[in-house]
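What follows is a set of notes on a single structure, which appears directly below.
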Amino acid sequence: MEHHGVPVLVCAADGPPVATEQDALDQLIGGAFYRTDIVAVPVERLDAGFFDLRSGLAGAIMQKFVNYRVRLVVLGDLSHHLEASSALRDLVRESNEGRHIWFLPDLDALAARLAPARETGPEAEPEAEPETRSETRPEPGPGAPDSASAKPFGG
């Protein structure tokens with residue numbers, strides 16, 4: 001479904017866990033091939049290793065999303081993970097300042113981020129020009145995207 005002209009795939013919280021780079025390719029990034037610009041993943045779907053930056057899992061998965069030109073949004077309460085790691089707090093803060101990876105509390109926050117500046121109020125930052133993406137993307141690997149456990153985002 002599109003919200004403010006941006007196609008979003010919202011993954012179900014009870015879908016298969018994302019514990020490896022291959023899981024991300026198979027379950028999440030495949031959504032980009034179904035006209036999705038953003039994949040929103042509930043925090044519950046991500047393995048604990050994602051939040052332990054020393055494991056390298058978060059960096060590897062985030063880099064895959066950037067490489068495939070698909071934006072990743074992690075939805076949910078990260079407070080437990082943030083309390084345990086100042087490096088993770090820094091990563092979340094820096095990611096949320098960018099355009100490719102966001103950590104947001106819920107779908108309402110995602111809708112607010114996607115809304116044109118005039119709809120979010122005078123304090124909102126101006127929206128940057130949309131990125132032009134190539135129609136040719138690398139193959140994500142075997143398996144279908146998370147479509148079986150995804151629901152459209154209606155905002």
Side-chain angles (χ1 to χ4, degrees), residues 1-4 6-34 36-117 119-121 123-125 127-128 131 140-155:
M1 170 146 286
E2 287 192 2
H3 188 66
H4 297 289
V6 180
V8 177
L9 175 70
V10 179
C11 300
D14 60 353
V18 178
T20 67
E21 283 181 70
Q22 193 62 49
D23 290 343
L25 287 169
D26 294 345
Q27 299 173 39
L28 308 177
I29 294 178
F33 294 92
Y34 294 91
T36 297
D37 289 347
I38 295 177
V39 176
V41 182
V43 68
E44 298 86 2
R45 290 282 297 275
L46 298 172
D47 184 78
F50 182 89
F51 302 100
D52 177 4
L53 298 185
R54 293 172 295 185
S55 75
L57 183 60
I61 289 174
M62 291 166 59
Q63 187 62 54
K64 294 284 186 211
F65 274 88
V66 171
N67 290 349
Y68 284 94
R69 297 182 186 103
V70 178
R71 291 187 273 175
L72 170 65
V73 177
V74 176
L75 295 173
D77 181 10
L78 299 171
S79 59
H80 173 73
H81 300 291
L82 296 175
E83 290 171 5
S85 171
S86 63
L88 182 60
R89 284 192 301 273
D90 292 341
L91 174 71
V92 168
R93 185 188 73 254
E94 291 172 15
S95 294
N96 284 344
E97 292 171 357
R99 292 187 39 81
H100 298 288
I101 312 288
W102 296 334
F103 294 83
L104 301 173
D106 53 37
L107 288 173
D108 290 337
L110 176 57
R113 289 289 299 252
L114 295 176
E119 292 184 27
T120 59
E123 70 283 350
E125 293 181 25
E127 182 79 14
E131 292 180 18
D146 193 52
S147 58
S149 64
K151 54 188 172 194
F153 173 59

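Along the sequence shown, residues carry numbers from 1.
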N96 and R113: CA distance, side-chain angles, deciding distance, side chain to side chain contact (heavy atoms under 4.5 Å, CB included) verdict = CA-CA 10 Å; N96 284 344; R113 289 289 299 252; 4.1 Å; yes
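Within the 3.5 Å criterion, the main-chain N or O of L82 finds a donor-acceptor partner in the side chain of R89. Side-chain N or O atoms of Q27 include one that pairs as donor or acceptor with a backbone N or O of P17 at under 3.5 Å. One N or O on the side chain of S55 and one on the backbone of L57 form a donor-acceptor pair closer than 3.5 Å. The main-chain N or O of A87 is never found under 3.5 Å from a side-chain atom of D90 such that the two would form a donor-acceptor pair.
The aromatic rings of F50 and F103 lie tilted to each other, with the angle between the two planes from 30° to 60°.
Here H81 contributes atom NE2 and L88 contributes atom CG; the two are 8.0 Å apart, rounded to the nearest 0.5 Å. To the nearest 0.5 Å, atoms CG (D47) and CG (D23) are separated by 8.5 Å. Note: D37 CG to R71 CZ = 6.5 Å, rounded to the nearest 0.5 Å.
Contacts of F65 classified as ring pair (Phe, Tyr, Trp, His ring centres under 6.0 Å), with partners at least two apart in sequence or in another chain: none. Remark: D77 engages S79 in a side chain to side chain contact (heavy atoms under 4.5 Å, CB included) (not counting sequence neighbours). Not counting sequence neighbours, A48 has no partner by the side chain to side chain contact (heavy atoms under 4.5 Å, CB included) test.
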